[in-house]
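Nothing here was measured: the structure is a model prediction, and the numbers come from that model. The sequence lines fix the lettering, A, B, ..., with proteins before strands; numbering per chain opens at 1.
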There are 2 protein chains.
Amino acid sequence: MRDDITDSPDYCSIEIAMEVLGGRWKLAILKQLLSGTQRFGELRRALPRITQRMLTRQLRELEADGLVTRTVYREVPPKVEYSLTEVGRSLDDIAGLLDAWGRWYRGVHAAGPAASQGRTTAAREDRAAV
Amino acid sequence: MRDDITDSPDYCSIEIAMEVLGGRWKLAILKQLLSGTQRFGELRRALPRITQRMLTRQLRELEADGLVTRTVYREVPPKVEYSLTEVGRSLDDIAGLLDAWGRWYRGVHAAGPAASQGRTTAAREDRAAV
DNA sequence: TGCCCTAGTATCATGATGTATACCATCCGA
DNA sequence: TCGGATGGTATACATCATGATACTAGGGCA
């Protein structure tokens, strides 16, 4: 399902990036792991809005895509550590930029809520060219 | 649904960014629009893998979030032009980086497919610490 | 015996996306 | 006058991704 994209270099490469990073929580997880190895519970506490189920899934997908490494310690209670691979670390600047952009965007909406309130398309169509 | 996130500055701002950009095609569309105003059909041809339905939806969401502007010309056949707002243009460098990363990531997988084939987690758990 | 801990699984409900098709109003050609 | 072509939407349905909640495993401990 992924290979038919990777084979066609003429398509926008962002589509490839979104195949890997498009998950709702992927980049947030990567951002957390940029600060170093963390275990499952730490990630869960750092991202309180994510479900256990989703955290597990996204981590497994990230592992399958070669972005994170999963290390299981056979202890009781269980202990599983996650850390970034080289490929995962290569997203450092992108994650930083997205984080900064998110913070800035929140400010834009707080300052000028017109942008977020312009959800009525009708008014805009009225001033359309004739 | 979005405001409860925007009110809590302690959460990772990437979550905010993903609320807006998380759509499967949002960034690819933005990347296309970075080269200038385009009409619906042009975007559709530039992104052959997206369906009309999804293109319409994602564009409407981007408009609602203040990233793109939609201009309807009352002609027949209809003509609708889409262009980026200032907020949309602020994603220029991020889109560029993601595009470059996608291209690089595709190369990584082509060169060393080990990363993309490590989908069997069992082997890795065996070498886990005891 | 029964409860706690961590890292999950299992189950069900909701949302996002893919696919196919109908629609609209006008222009054009027969 | 009729039917097709046009460009952007809208609807119906199927599938995948995500969310919410409950439950498991297995040793430590009271």
When you measure from the side-chain N and O atoms of B:Y73 to the phosphate of C:dT26, is any distance below 4.0 Å, counting only OP1 and OP2?
no
Using the rule given for side-chain contact (heavy atoms from CB on, under 4.5 Å), can you reason through A:E42 versus A:Y82, listing the C-alpha separation, both sets of side-chain angles and the distance that settles it, and then say yes or no?
CA-CA 10 Å; A:E42 293 177 288; A:Y82 293 91; over 6 Å; no
What's the CG-C1' distance between A:L55 and C:dT6, to the nearest Å?
13 Å
Pair A:E19 + B:R106: basic N to acidic O under 4.0 Å:
no
Whole Å only: how far is the CZ atom of B:F40 from the C1' atom of D:dT9?
8 Å
Using side-chain hydrogen bond (donor to acceptor under 3.5 Å, both in side chains), reason through B:Y73 and B:E81 one step at a time and then give a plain yes or no.
CA-CA 8 Å; B:Y73 297 86; B:E81 279 186 348; 3.0 Å; yes
Report the distance from atom CD of A:E42 to atom C1' of C:dC5, rounded to the nearest whole Å.
15 Å
Distance, rounded to the nearest Å, where B:R39 contributes CZ and D:dG7 contributes C1':
7 Å
Could you give the NZ-to-P distance, from B:K26 to C:dT17, as a whole number of Å?
7 Å
With side-chain contact (heavy atoms from CB on, under 4.5 Å) as the test, would you mind laying out the steps for B:E15 and A:I50 before giving the verdict?
CA-CA 10 Å; B:E15 298 181 37; A:I50 192 175; over 6 Å; no
Return a single string for nucleotides 17-30 of chain D, one symbol per nucleotide in 5' to 3' order, where B is base contact, S is sugar-phosphate-only contact and - is none, cutoff 4.0 angstrom on heavy atoms.
-BBBB----BS---
Which whole-number value in Å describes the distance from B:L47 CG to D:dG8 C1'?
16 Å
Run the numbers on A:T71 and A:V80 for side-chain contact (heavy atoms from CB on, under 4.5 Å), then give the verdict.
CA-CA 6 Å; A:T71 311; A:V80 182; over 6 Å; no
Tell me which donor-acceptor pairs under 3.5 Å the side chains of residues 90-97 of chain B have, and how far apart each pair is, sequence neighbours excluded?
| unit_1 | atom_1 | unit_2 | atom_2 | d |
| --- | --- | --- | --- | --- |
| B:S90 | OG | A:W101 | NE1 | 2.9 |
| B:S90 | OG | B:V87 | O | 2.4 |

Could you tell me how far apart B:L59 (CG) and C:dT17 (P) are, to the nearest whole angstrom?
13 Å
Any side-chain N or O of B:R74 below 4.0 angstrom from OP1/OP2 of D:dG7?
no
Computed from five pairs at either end and rounded to 10 degrees, the angle between the axes of the helix from C:dT1-D:dA30 to C:dA30-D:dT1 is 30°
Is B:E86 paired with B:R89 through a side-chain N to carboxylate O contact shorter than 4.0 Å?
yes
Measure the spacing between CG of A:L33 and NZ of A:K31 and express it to the nearest 0.5 Å.
11.5 Å
Check this one for me: any side-chain N or O of A:R70 less than 4.0 Å away from OP1 or OP2 of C:dG8?
yes
Could you check how far CZ of B:R60 sits from P of C:dT17, rounded to whole Å?
16 Å
Look at B:T56 and D:dT9 and indicate whether a side-chain polar atom (N or O) is within less than 4.0 Å of OP1 or OP2.
yes
Evaluate the side-chain contact (heavy atoms from CB on, under 4.5 Å) criterion for residues B:R70 and B:L59: first the C-alpha distance (whole Å), next the side-chain angles of each, then the deciding distance (0.1 Å), finally the verdict.
CA-CA 8 Å; B:R70 178 166 176 266; B:L59 282 169; over 6 Å; no
